[in-house]
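Before any comments, here is the structure.
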Amino acid sequence: CLETGQHAASAWPASLLAQAAAQQGDLGGITEVLEWAEVEWSSRLMSFDARTARRWMHAAAGELSAARAAAVRSAEQASAVGLHAIAMDALHDLARLGDAQLAADRLAAIPTEGQGAYSVAMRAHVTALVSDDAAALAASADRFEEMGALLLAAETAAQAGVLHTAAGRKGSAATERGRAAVLMARC
């Protein structure tokens with residue numbers, strides 16, 4: 001906080017706000033906030049939140065190659081220090097940003113023991129994206145919704161709708177698109 005001088009305590013929420021803004025496509029001021037947050041880090045663990053915000057900032061700006069490269073770098077850096085959950089999150093983002101196969105390949109190297117429901121859901125989502133499986137994407141949307149990850153649930157339902165459309169299943173496509181809209185409205 002600039003007022004109290006507790007910079008590290010302010011850097012973490014600042015990076016989370018920047019991430020949320022980037023995922024909504026609001027790029028105004030994000031770069032300045034992230035540059036400040038990245039300088040003020042007192043914890044390597046919290047610095048990954050700024051990296052997440054930065055990759056979504058690239059995506060919101062239409063720089064998908066830079067966003068994917070940032071996701072790969074974050075996953076590598078997290079894995080190198082044993083932060084497997086953070087690496088999984090970065091690889092899940094990589095899949096969401098359009099390189100599901102590379103994400104799946106890299107996820108195979110991350111240990112599965114001790115995984116929680118969110119990790120299992122991320123792996124299932126990546127697998128469904130790689131296999132272009134609309135039913136598996138719908139099941140992934142269910143998992144995300146059940147755990148309260150409504151944005152991911154909406155995104156995954158929309159992905160299922162796209163696959164149903166491509167396969168000529170108009171009714172299923174309309175159902176998933178409607179579901180995605182309802183989930184987005186709940187975000």
Side-chain angles (χ1 to χ4, degrees), residues 8-41 43-81 83-107 110 118-119 121-130 137 140-141 143-145 147-162 180-181 183-187:
S10 298
W12 181 57
S15 67
L16 295 178
L17 289 172
Q19 178 183 344
Q23 288 178 332
Q24 293 175 4
D26 179 6
L27 297 178
I30 293 174
T31 302
E32 289 178 30
V33 169
L34 282 178
E35 286 172 359
W36 174 80
E38 289 168 340
V39 168
E40 296 298 331
W41 286 121
S43 163
R44 181 177 7 167
L45 178 63
M46 286 191 277
S47 71
F48 284 99
D49 291 318
R51 293 176 192 162
T52 299
R54 192 164 292 283
R55 67 180 167 259
W56 285 106
M57 181 187 77
H58 286 303
E63 302 164 354
L64 292 179
S65 293
R68 288 189 288 265
V72 169
R73 272 192 311 278
S74 280
E76 289 171 346
Q77 291 166 346
S79 289
V81 294
L83 298 173
H84 300 302
I86 291 171
M88 285 187 68
D89 188 58
L91 292 171
H92 185 233
D93 282 354
L94 176 62
R96 294 170 63 205
L97 292 164
D99 200 339
Q101 186 60 62
L102 180 59
D105 294 345
R106 301 243 176 155
L107 276 171
I110 295 178
Y118 187 65
S119 295
M122 286 191 294
R123 282 185 190 270
H125 183 212
V126 172
T127 299
L129 287 170
V130 168
L137 284 169
S140 289
R143 282 187 200 97
F144 288 132
E145 182 179 13
M147 64 183 65
L150 299 181
L151 178 61
L152 288 173
E155 179 183 319
T156 307
Q159 291 164 336
V162 167
L183 287 163
M184 280 300 296
R186 291 175 52 201
C187 285

One pair to check against side-chain contact (heavy atoms from CB on, under 4.5 Å): Trp56 and Leu97. What are the steps and the verdict? CA-CA 9 Å; Trp56 285 106; Leu97 292 164; 3.6 Å; yes
Is any side-chain heavy atom of Val72 less than 4.5 Å from a side-chain heavy atom of Asp99? no
Would you confirm whether Arg123, through its side chain, and Leu107, through its main-chain N or O, come within 3.5 Å as a donor-acceptor pair? yes
Suppose we screen for salt bridge (charged side-chain N to carboxylate O under 4.0 Å, His left out). Which residues come up paired with Glu63, at least two apart in sequence or across chains? none
I need the minimum non-hydrogen distance between Ala100 and Val126, along with the two atoms involved. O-CG1, 3.7 Å
Would you please name every residue forming a side-chain contact (heavy atoms from CB on, under 4.5 Å) with Arg186, sequence neighbours left out? Glu145, Leu150, Val182, Leu183
Taking side chain to side chain donor-acceptor pair (under 3.5 Å) as the definition, give me every residue that meets it alongside Arg106, ordered by chain and number, with sequence neighbours left out. Glu76
Only pairs under 3.5 Å count here: list side-chain donor-acceptor contacts from residues 154-162, not counting sequence neighbours, and write none if there are none.
{"unit_1": "Glu155", "atom_1": "OE1", "unit_2": "Arg96", "atom_2": "NE", "d": "3.1"}
{"unit_1": "Glu155", "atom_1": "OE1", "unit_2": "Arg96", "atom_2": "NH2", "d": "2.8"}
{"unit_1": "Glu155", "atom_1": "OE2", "unit_2": "Arg96", "atom_2": "NE", "d": "2.9"}
{"unit_1": "Thr156", "atom_1": "OG1", "unit_2": "His125", "atom_2": "NE2", "d": "3.4"}
{"unit_1": "Thr156", "atom_1": "OG1", "unit_2": "Leu152", "atom_2": "O", "d": "2.7"}
{"unit_1": "Gln159", "atom_1": "OE1", "unit_2": "His125", "atom_2": "NE2", "d": "2.7"}

Heavy-atom pair of closest approach, residues Ala78 and Ala87: CB-N, 3.6 Å
To the closest 0.5 Å, what do you measure between CG (Asp105) and CG (Leu91)? 10.0 Å
Would you compute the distance between atom OG of Ser74 and atom CZ of Arg51 and round it to the nearest 0.5 angstrom? 5.5 Å
Could I get the full list of side-chain contact (heavy atoms from CB on, under 4.5 Å) partners for Ala70, not counting sequence neighbours? Arg55, Arg73
Pairing residues for Thr127 by the side-chain contact (heavy atoms from CB on, under 4.5 Å) criterion, not counting sequence neighbours: none
Over 60° means perpendicular and under 30° means parallel, so tell me whether His92 and Tyr118 are parallel, tilted or perpendicular. perpendicular
